[in-house]
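The structure appears below as structure tokens.
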Amino acid sequence: MRIISAAEVEGALDFTSLVERLRQAFRRDTVVPARYQHSLDDGNGGEASLLLMPAWQAGQSAGVKLMTVFPNNAAQGLPSVMGAYLLLDAKTGSPKALIDGPTLTVKRTAAASALASRYLSRPDCERLLMIGTGALAPYLITAHASVRPICNVLIWGRNPDKAERLAKRLNRRDFRVDFTTDLQAAVRGADVISCATLSSTPLLQGRWLRPGQHVDLVGAFRPDMRESDNDVIKRARIFVDTREGALREAGDLLLPIRDGVFDPEDIAGDFFDMTRGARAGRRYYDQITLFKSVGTAIEDLAAAQLTFERA
């Protein structure tokens, strides 16, 4: 069994190739049992999560990702998300590789947002707003720029110092990245708005949106978490990675459903629909589109297979 490090995953997965591999994965038949999420006590009065995400393709590859989410780790200088992916041979069950989980996760998650953007954002999008300064933020910025002509990026975070440091790290002469403390103005000026936070209260307000924007909601992975208010959901045409996962875990949709402002039948499509041509994405220039990501083991398996082939 090979051990594939974070650096090797990083080197193996460029976004152009990974986005295309994800597109192909959703066009194929993959068995994906429900994701198992268990709540843990971190021993200090904080709530943590253990996630188990299996998937397999008959006679080809199988795998399971084991991830932990410990939000209080930041106070100890540790990553909040850790874990590993075990890739198996689906013909014999033999282990093929143990792959760094956090790097695989951020790469496939960002690639999924980029795949959605290919169908949902305007082809001429140049301005991106990144809400959040965590581990996913730089990957989301790079991934979105791989599918659209993004050349101006603003970063907003609850901690302006972190936003400023991240902007300075990513800024280039041909790819301008800056930080902002004015979230409302930044939302109004963006073509694509990507959110990746652990917020339990809405950060993005629907009244700030303007026609033609694309909203990418990546954080808030539990039913009690949300990054957008009800008005965002009411104004946008909604797409998800998988309907089952979104209606089980996405607080950005489940809370508006609870409030009676959104119906599950109003989900316009998922990755299966879009990649197989069953449903169109953006239908007209001034439409507001929204992609809610909760993640699926299909993405992990596809990313793990590509990593194994290249690392």
Side-chain angles (χ1 to χ4, degrees), residues 10 13-23 26 103-157 163 166-180 183 186-197 203-204 208-210 212-220 227-228 232 236-241 252 271 274-275 281-282 285 287-296 299 302-303:
E10 189 75 57
L13 299 180
D14 67 277
F15 281 116
T16 299
S17 300
L18 183 54
V19 169
E20 177 58 23
R21 182 60 66 96
L22 293 188
R23 188 188 72 84
F26 281 97
T103 308
L104 189 80
T105 300
V106 293
K107 295 285 277 194
R108 67 81 155 152
T109 302
S113 287
L115 176 61
S117 185
R118 272 177 50 174
Y119 291 97
L120 302 177
S121 68
R122 300 194 323 265
D124 61 352
C125 288
E126 295 184 349
R127 293 169 294 176
L128 170 70
L129 170 63
M130 184 69 240
I131 300 176
T133 58
L136 256 174
Y139 291 95
L140 284 163
I141 291 169
T142 305
H144 277 290
S146 75
V147 297
R148 290 293 184 254
I150 302 293
C151 56
N152 281 284
V153 178
L154 281 177
I155 301 173
W156 180 92
L166 180 58
K168 287 182 177 178
R169 177 160 66 89
L170 298 177
N171 188 48
R172 302 194 309 264
R173 183 172 298 177
D174 61 338
F175 189 74
R176 184 183 176 190
V177 183
D178 206 345
F179 79 103
T180 182
L183 181 57
V187 168
R188 288 178 170 165
D191 298 319
V192 177
I193 302 153
S194 185
C195 304
T197 72
L203 298 171
L204 183 62
W208 299 343
L209 298 178
R210 59 175 175 78
Q213 291 177 308
H214 172 58
V215 178
D216 173 42
L217 301 180
V218 183
E227 299 179 297
S228 62
V232 171
R237 188 167 187 240
I238 309 296
F239 289 82
V240 296
D241 42 15
D252 281 291
F271 271 149
M274 290 188 284
T275 60
R282 173 173 291 272
Y285 189 84
Q287 188 171 49
I288 296 173
T289 55
L290 184 149
F291 172 65
K292 175 54 193 167
S293 168
V294 295
T296 168
E299 298 161 0

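Numbers for residues simply follow the sequence, beginning at 1.
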Sole candidate of Leu154, Leu209, Leu203 that passes side-chain contact (heavy atoms from CB on, under 4.5 Å) when paired with Val187 = Leu209

query = Is the Lys NZ or Arg CZ of Lys107 less than 6.0 Å from the centre of Tyr139's six-membered ring, within 45° of the axis?
reply = no

ask   = So do Val192 and Val215 actually touch side chain to side chain, heavy atoms under 4.5 Å?
value = no

query = Quick one: does Pro138's side chain get under 4.5 Å of Leu166's, heavy atoms only?
reply = yes

task = Ignoring hydrogens and angles, state whether a donor on the side chain of Asp216 or Ser113 is under 3.5 Å from an acceptor on the partner side chain.
result = yes

inquiry  = So which atom in Phe15 and which in Ala111 form the shortest heavy-atom distance, rounded to 0.1 Å?
reply    = CE2-N, 3.9 Å

request  = Start with the C-alpha distance between Val153 and Asp178, add both sets of side-chain angles, then the distance that settles side-chain contact (heavy atoms from CB on, under 4.5 Å), and finish with yes or no.
outcome  = CA-CA 6 Å; Val153 178; Asp178 206 345; over 6 Å; no

query = Looking at side-chain heavy atoms only, is the closest gap between Arg176 and Asn171 below 4.5 Å?
reply = yes

query = Of all heavy-atom pairs between Gln287 and Gly281, which one has the smallest distance, and what is that distance?
reply = OE1-O, 4.2 Å

query = Do the rings of Phe291 and Phe271 sit parallel, tilted or perpendicular, given the 30° and 60° boundaries?
reply = tilted

task = Decide yes or no for Asn152 and Leu128: does some side-chain heavy atom of the first lie under 4.5 Å from some side-chain heavy atom of the second?
result = no

query = If we only count heavy atoms from C-beta on, is the Trp208 to Leu183 side-chain gap below 4.5 Å?
reply = yes

note = Rounded to the nearest 0.5 angstrom, the CD1-OG1 distance for Ile155 and Thr180 is 11.0 Å

Pairwise side-chain contact, Cys151 with Arg127, heavy-atom cut-off 4.5 Å (strictly under) = no

task = Identify the heavy atoms of Ala114 and Ser146 that sit nearest to each other, and give their distance.
result = CB-OG, 4.5 Å

query = Between Glu227 and Thr197, do the side chains contain an N or O donor and an N or O acceptor separated by less than 3.5 Å?
reply = yes

key: Step-by-step side-chain contact (heavy atoms from CB on, under 4.5 Å) determination, Thr142 to His144   = CA-CA 6 Å; Thr142 305; His144 277 290; over 6 Å; no

request  = To the nearest 0.5 angstrom, please state how far the CG atom of Leu140 sits from the OG1 atom of Thr109.
outcome  = 8.0 Å

query = Within the side chain of Thr289, is there an N or O that forms a donor-acceptor pair under 3.5 Å with the backbone of Leu120?
reply = yes

ask   = Of the non-hydrogen atoms in Tyr119 and Thr275, which two are nearest, and what is the gap between them?
value = OH-CA, 3.5 Å

note = Taken to the nearest 0.5 Å, the spacing of Ser194 OG from His214 NE2 works out to 8.0 Å

inquiry  = I'd like to check the salt bridge (charged side-chain N to carboxylate O under 4.0 Å, His left out) partners of Arg173; sequence neighbours left out, ordered by chain and number.
reply    = none

key: Partner set under salt bridge (charged side-chain N to carboxylate O under 4.0 Å, His left out) for Arg210, not counting sequence neighbours   = Asp191

key: From CG (Leu204) to CH2 (Trp156), nearest 0.5 Å   = 10.5 Å

Geometric cation-pi criterion, Arg122 with Tyr285: 6.0 Å, 45° = yes

query = How far does CG of Leu136 sit from OG of Ser293, to the nearest 0.5 angstrom?
reply = 8.5 Å

request  = Go through the structure and list residues passing salt bridge (charged side-chain N to carboxylate O under 4.0 Å, His left out) with Glu20, not counting sequence neighbours.
outcome  = Arg23, Arg118

query = Can you find a heavy atom in the side chain of Val177 that is under 4.5 Å from one in the side chain of Phe175?
reply = yes

task = Compare every heavy atom of Gly212 with every heavy atom of Arg282, then report the nearest pair and how far apart it is.
result = NH2-O, 3.3 Å

key: Minimum heavy-atom distance between Ala303 and Leu13, given as atom pair plus value   = O-CD2, 3.9 Å

ask   = Once you round to the nearest 0.5 Å, how far does CE of Met130 lie from CD1 of Ile150?
value = 12.0 Å

key: Ser228 side chain near Leu217 side chain, heavy-atom distance below 4.5 Å   = yes

Passing option when Val294 is tested against Asp252, Val240, Val218, Asp241 for side-chain contact (heavy atoms from CB on, under 4.5 Å) = Asp241

